[in-house]
Amino acid sequence: MLLLLLNPASSLLFSPLFFTLGISPKGRATARSYAPAGMAKHSVSWPLVHKRWLLGLLIMLSISTVIAFFIRSALDSCDRHLEQVSQESSANAPVPPNPLSFMRSKRVLMVSHELSLSGGPLLLMELAFLLRTVGAGVSWITIQKPLQTDGVIYNLEDKMLVRGVQVISAKGQEAIDAALTADLVVLNTAVAGKWLDPVLKGNLSRVLPKVLWWIHEMRGHYFKLDFVKHLPLVAGAMIDSHVTADYWKNRTQERLGIKMPETYVVHLGNSKELMEGQDLFLRSFYETLQLIQERKLQVPSVHAVIVGSDMGAQTKFETELRNYVMQKKIQHRVHFVNKTLTVAPYLAAIDVLVQNSQARGECFGRITIEAMAFQLPVLGTAAGGTAEIVVNGTTGMLHPVGKDGVPELAKNMVKLATQVERRLTMGKRGYERVKEVFLEHHMAHRIAVVLKDILRKAKDNQHRHTI
């Protein structure tokens with residue numbers, strides 16, 4: 001089973017899906033309509049023998065899925081036993097100090113442009129919870145809220161309140177007081193910059209020196225002076241990948257004529273909750289069986305699970321995809337899944353993650369390391385943060401962005417679908433890489449270095465103004 005991510009910025013997202021399921025994308029001949037012209041032409045010209053070969057491939061895929069299941073089950077059982085022995089031997093080992101313990105009693109204001117199930121707000125929430133764990137006081141502001149009651153926002157705010165995060169209004173004296181009294185202000189995403197002028201007004205000079213601007217965007221339309229004009233005056237910028245940091249440095253200088261502040265690159269890590277979910281693989285697998293039963297999936301077979309469905313935000317894009325699936329009568333093989341915090345059942349159900357983000361790619365791509373935590377190989381574009389996560393040929397395979405990458409991605413998908421041992425070996429190596437550099441405590445150490453520096457700068461600035 002394949003997991004593909006629904007991304008409106010990726011016009012080639014479904015091209016490998018056509019190839020994998022043996023569906024000819026005839027009549028969808030432009031990249032703008034999400035099926036490359038070159039691929040459509042190639043599919044139409046296939047002779048009948050190739051179609052028979054593809055049918056044979058699908059049969060092989062079904063067989064390989066069964067084999068992979070038994071092999072992975074055996075490996076997981078062995079891994080759990082070894083990890084249990086390791087945990088017992090280290091039970092009496094001293095607990096290492098929390099790298100964020102210096103934030104105890106510090107006051108932190110977090111400003112998010114929105115509160116949703118997308119990556120940016122969830123990352124900021126995760127940082128808020130890490131800081132609350134060590135005793136920091138955390139306040140939260142959401143700039144954009146719908147007029148009507150939103151179930152997602154209500155549930156996420158409730159989750160923060162339970163963890164001791166204070167949720168306050170984005171406007172008014174309470175917001176100003178929170179910014180002025182905070183030891184640290186974290187702006188989340190470039191869009192959050194539009195909150196500064198209307199709310200803080202004459203207090204900007206007192207707040208900007210203690211601002212850490214956490215940037216996740218990788219698209220050109222975020223480079224607006226209205227959003228980032230105060231960027232040179234903040235204490236620092238934190239970005240999720242080196243390639244994105246370089247892009248922001250060059251783009252702000254060339255397009256806007258402003259200079260980036262000191263910039264820190266911090267690779268993300270998997271939460272303890274997700275890693276514990278991986279350790280309890282059987283529980284996730286039972287959830288997967290329930291999911292398969294509810295959706296009446298035919299197993300073993302070839303399926304594509306499309307994660308990230310959001311009709312409210314991607315109406316035109318997703319409607320087009322859903323209509324195509326209905327026209328080709330492949331609803332039983334293509335499954336749309338809404339945005340969710342519960343990814344374990346889907347990661348437990350699949351064999352390969354396809355991260356086919358186009359253009360400049362993902363800033364980081366948290367789902368990539370989440371999939372690797374479930375011992376899954378990753379097929380991704382050689383762009384953005386994906387290229388900093390996936391070791392090409394070892395933990396997965398990278399392909400070029402654009403039309404040129406479609407045939408290579410298709411070949412890579414066939415390789416991992418038919419070469420079971422290779423797929424499992426790559427997944428195992430990806431898991432080892434996660435344990436080496438992409439765990440929550442790794443991220444906490446990296447963020448701690450940044451926060452210490454920002455607090456030092458804020459203190460030095462305050463000292464200069466009191467002399």
Side-chain angles (χ1 to χ4, degrees), residues 2-20 31 34-39 42 119 215-220 239-251 265-269 304 306-308 350-417 419 422-423 425-434 436-438:
L2 303 170
L3 178 69
L4 297 99
L5 305 179
L6 189 58
N7 183 353
S10 172
S11 63
L12 304 178
L13 176 64
F14 268 73
S15 299
L17 179 61
F18 297 144
F19 179 91
T20 306
Y34 308 103
M39 187 176 179
H42 179 71
I215 296 174
H216 313 284
E217 292 92 340
M218 194 66 165
R219 305 286 178 254
I239 300 181
D240 306 331
S241 64
H242 293 280
V243 65
T244 306
D246 291 339
Y247 178 67
W248 270 85
K249 289 178 182 178
N250 297 331
R251 190 80 169 183
V265 174
V266 173
H267 282 164
L268 308 178
I306 315 301
V307 175
I350 64 174
D351 299 298
V352 179
L353 173 76
V354 178
Q355 174 67 294
N356 194 30
S357 296
Q358 295 298 305
R360 298 177 184 88
E362 298 289 330
C363 179
F364 183 79
R366 186 75 172 276
I367 187 62
T368 303
I369 59 174
E370 290 175 341
M372 291 164 63
F374 277 75
Q375 302 188 31
L376 299 173
V378 178
L379 300 180
T381 46
T386 305
E388 297 178 21
I389 302 172
V390 178
V391 180
N392 191 28
T394 301
T395 66
M397 299 179 182
L398 299 176
H399 59 275
V401 297
K403 296 179 182 180
D404 294 340
V406 173
E408 187 169 342
L409 173 59
K411 292 178 182 178
N412 292 341
M413 293 171 74
V414 172
K415 287 179 183 177
L416 293 190
Q419 300 175 16
R422 186 176 187 182
R423 183 171 75 230
T425 299
M426 282 187 168
K428 186 76 172 178
R429 289 173 177 171
Y431 177 60
E432 294 299 324
R433 178 160 166 76
V434 165
E436 290 173 2
V437 292
F438 294 126

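All residue numbers refer to positions in the sequence shown, counting from 1.
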Quick one: does D240's side chain have a donor or acceptor within less than 3.5 Å of a partner on C363's backbone?
no
For R433 and I369, indicate whether the former's side chain and the latter's backbone hold a donor-acceptor pair under 3.5 Å.
no
In this structure, which one of K415, R422, R423 forms a side-chain hydrogen bond (donor to acceptor under 3.5 Å, both in side chains) with Q419?
R422
Could you tell me whether the side chain of E362 reaches within less than 4.5 Å of the side chain of T368, counting heavy atoms only?
no
Before we go on, tell me: are the rings of H216 and F364 under 6.0 Å apart, centre to centre?
no
Separation between OG1 (T386) and CD1 (I367), nearest 0.5 Å, reads 11.5 Å
Rounded at 0.5 Å granularity, tell me how far CZ in R360 sits from OG1 in T381.
13.0 Å
Say whether, by atom type as modelled, one donor and one acceptor occur between the side chain of Q358 and the main chain of N356 under 3.5 angstrom.
yes
Over all atoms of both residues, closest heavy-atom pair of A359 and A383:
O-CB, 4.2 Å
Is a donor on one side and an acceptor on the other found under 3.5 Å between the side chain of Q355 and the backbone of G365?
no
Does any N or O in the side chain of H399 come within less than 3.5 Å of the main-chain N or O of A382, such that one atom is a donor and the other an acceptor?
no
Looking only at heavy atoms, what is the nearest atom pair of V434 and A373, with distance?
CG2-N, 3.9 Å
CG (L379) and CD (E408) are apart, to the nearest 0.5 Å, by 10.5 Å
Working to the nearest 0.5 angstrom, can you tell me the gap between I239 CD1 and T244 OG1?
7.0 Å
Parallel, tilted or perpendicular: which fits the ring planes of H267 and H242, with parallel below 30° and perpendicular above 60°?
perpendicular
Straight-line distance of I389 CD1 to R366 CZ, nearest 0.5 Å:
10.0 Å
Any donor-acceptor pair under 3.5 Å linking the side chain of E388 with the backbone of V243?
yes
What are the two closest heavy atoms between Q375 and Y431, and how far apart are they?
CG-CB, 3.6 Å
Whether the side chain of T395 engages the backbone of V390 through a donor-acceptor N/O pair (distance < 3.5 Å, no angle test) should be reported.
no
For a 4.5 angstrom cut-off between non-hydrogen side-chain atoms, does M426 reach L416?
yes
